[in-house]
Amino acid sequence: MKTLLKSDNWYLKCGAFIMAVILLTVLTGLFWTPYDPNYMDTSARLSSPSFAHLFGTDNFGRDIFSRVMQGLGTSFMVSFCINLIGLIIGTIVGAAAGYSGGLFDDVLMRICDAITAFPSVMLALVIIAVIGRGDMDIIWILGTLFIPSYARMVRSEFVQQKSCNYVRMARLMGAKPLRIIFVHILPNIYKTLLPAATIGFNNAVLAEASMSFLGIGVSANRPSLGRMLNESQGFLIGGAPWYAAFVGFSIVLLVMGLALLGEGLQAEQNRGKK
Amino acid sequence: MNKKIISVLLAALMIFSLCSCGKDKGSERKAANEVVIGIAQDLGDSLNPYQMTAAGTKEIMTNLYEGLYKVAPSGDYVPAVAEDCNISEDGTVYTFPLRQGVKFHNGKEVTAEDVIYSFKTCLEISVDSSLPAVLQSADVKSEGNNIVITLSAANNDFLAYVSLVYIIPEGYSAEAATNPVGTGPYKFVSRSVQESIVFEKFDEYWGTPASIKKVTCKIHENSTALIAAINAGAIDLVPHLTLDQVAGIGEGYDVLEDSMKLVQALYLNNAREPFNDVRVRKAICYALDIDEILKITAEGHGSKLGSSIYPAFSKYFDESLVGMYPHNVDEAKRLLTEAGYPDGFSMTVTVPSNYTPHVNVGQVIVRQLQEAGIKAELKEIEWNSWLTDVYSGRDFDSTVSGFDASTLTANALLARWTSDNKKNMIGFKSERYDELIAKATVETDDAIRTQLYKEATRVLAEEAANAYIQDLAEYTVINKDLSGYTFYPLYRIDFTTIYYK
């Protein structure tokens, strides 16, 4: 913490600050919100921002601030799970491909290429159209689509590390491949993985928001930023322009915080290399 | 220095010309006697009179096509291509003398052969769900200038079906999909998909001539763009707007309130547990607070319903059914306990995600059901899945949706709930109901028939077949310079009655 405050890495500082504020909001939102986010106050439809309703209310008379608090939580949770799936499976695939090489490597990487060849939102749409939609299906669908990018990155790191001396030594000493992969190589590449994960997190937030905006993301029982943005667009002219503004601003803040954090981590890592 | 002055002048000119753009277009249109109508859906389907599927296409193409009879704003059927109609005593033989001098838009005069051809083609290629079955049992012949139709059994709604058989020139069916020709007050000029359809006044129309010379139906699928276009003065008339959309519209327009003419309800799967228990269905009815639903979703606008008939259908609408299940959570809980669900049960409320009004109502309903101890959850699906899974597959607990009437007949709304009707998606079963509908369909005395239908709607209400909600309010925005817009009891935009003051 101290080193963070003293550091002149402003990306990292700003990013960490924004994310700390958002994380605090999300954690508070888990236990307490000013209003029940699903409570509909008939007498306060589309009221403008005030002390009673910090961000105003939506067309059902629900408090937008409370919904944004929980919406941020939904975005966070969904994006975290998406990345966890992408990261874990992507690492396994990438490690296997990179370490073994040869035909196995080729086949795995071409499968990844095939998945990335489709625009992810379109592919997700197709999958949802075929299997139907459950409350949280979006997590594993987007999670699967996030595997290739991680796999490719891990693979290239592995190809590089494989020819390093410490790996050769380990192999000479008779270490098993699994041990080399997990105990020797992985700890050495986590510094590359970390900034990539923040960027991935960022992409996941945007992907979830766009899916929810299109009405195929998280179900309506749970507040979601993308969905709120979609609902708010009908009131842009005349009705309640602040609705879209506050929700859009929250998404921008979240994405910006993550982007700065990612940038900062990258800079930190580059400094280490010098 | 000189350059600066010139550039400032140029900028001023540009701003000035931009300002004048929006306003002048309106008065230009007035001078040319033209009207632009904003349409919120693409009209990309076939323009063939028997193969139009979208309600949006049908409601404007009735300005171009006419049948032997057509529907009037009052809901009555009035003569169009035919001059009159004589019905035999037993109700099986209809004789239509053709009106003299009715011309198609291509200049040809309408003959008996054209009418026969139209009926034949309609039977062959119609995509309507009920029309072919009716025509199947009708034998259409020409006797001189008369069209004689013999039915195998009396059908009191027959004129309503006749009005759907639009008359086109003999042998013209294939071309009609892209270049429609009819006998109506307006003729087709051009269409560009996802952009517009243009109509022009038909000067040789047999009836009262229309006032507006040229009508352009401009397509704006995105509602925000539609509202912006209205505010820019680019559009004179837009039907089917919601209250929230109307709120964003500036001066220069009148707002007319109307209803959507559909039965919106929480449709309950009567064939599935626990909804097969009438006490559970009644409990759900008591749990819903319709006034609150209207207040939240439309500031209190909308007409409450008690059964599967909407108020615009005044002949069959029974007002006494509306308040049958007032909001009463205690009663709902009592009924649930009686039915063996003291702690409630879990259910899903399925809504088609593209219909915002249904989704909004669904969200309020879920909350109200939860207040009565029922663990309700909203499930959004897209329209095609709704059609296959809910409507055809009948795989749902409950769904918020709306049914409209294809023809102005009680059967169009009520016949679907008879036990073995294919369209009875809720699996409603009542012998008494089936009996009433069967009787009403063949009854020739209008008063008795109306009574039978009314009794049938009472059965639906008493059995709490569905939790009926409302006929949604909708709004038409019209240029203040225009007047004469007329509402119909079914989907229709009539260009002929509009005129510039």
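Owing to the predicted nature of the structure, the values given are computational and were not obtained by experimental measurement. Letters go in sequence order (proteins before strands), and every chain restarts at 1.
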*asked:* Between B/Q363 and A/M40, is the side chain to side chain contact (heavy atoms under 4.5 Å, CB included) condition met? List the steps.
replied: CA-CA 10 Å; B/Q363 297 199 45; A/M40 300 173 183; 4.1 Å; yes

*asked:* What verdict does the salt bridge (charged side-chain N to carboxylate O under 4.0 Å, His left out) test give for B/E377 and A/R222, after you've listed the backbone C-alpha separation in whole Å, the side-chain angles of each residue and the deciding distance to 0.1 Å?
replied: CA-CA 10 Å; B/E377 218 174 89; A/R222 206 181 288 273; over 6 Å; no

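We find the CG-CD1 distance between A/N59 and B/I296 to be 10.0 Å, quoted to the nearest 0.5 Å. B/K295 NZ to A/F60 CZ: the interatomic distance, rounded to the nearest 0.5 Å, is 15.5 Å. Taking OG1 of B/T356 as the reference point, atom CD of A/E231 lies at 9.0 Å (rounded to 0.5 Å). One distance of note links CD of B/E299 with CG of A/L46; it measures 8.0 Å at 0.5 Å rounding. We find the CZ-CZ distance between A/R62 and B/R367 to be 10.0 Å, quoted to the nearest 0.5 Å.
Contact of B/D389 with chain A is not made at all, since no heavy-atom distance falls under 4.5 Å. Residue A/N38 touches chain B through its backbone alone, counting heavy-atom pairs closer than 4.5 Å. Interface remark: B/V359 contributes side-chain atoms only to the contact with chain A (heavy atom separation under 4.5 Å).
With respect to chain A, the highest number of heavy-atom pairs below 4.5 Å among B/V364, B/T297, B/I249 belongs to B/V364.
Summarising the local packing, OH of A/Y35 is surrounded by more than 12 heavy atoms from other residues, nucleotides or ligands at distances under 6.0 Å.
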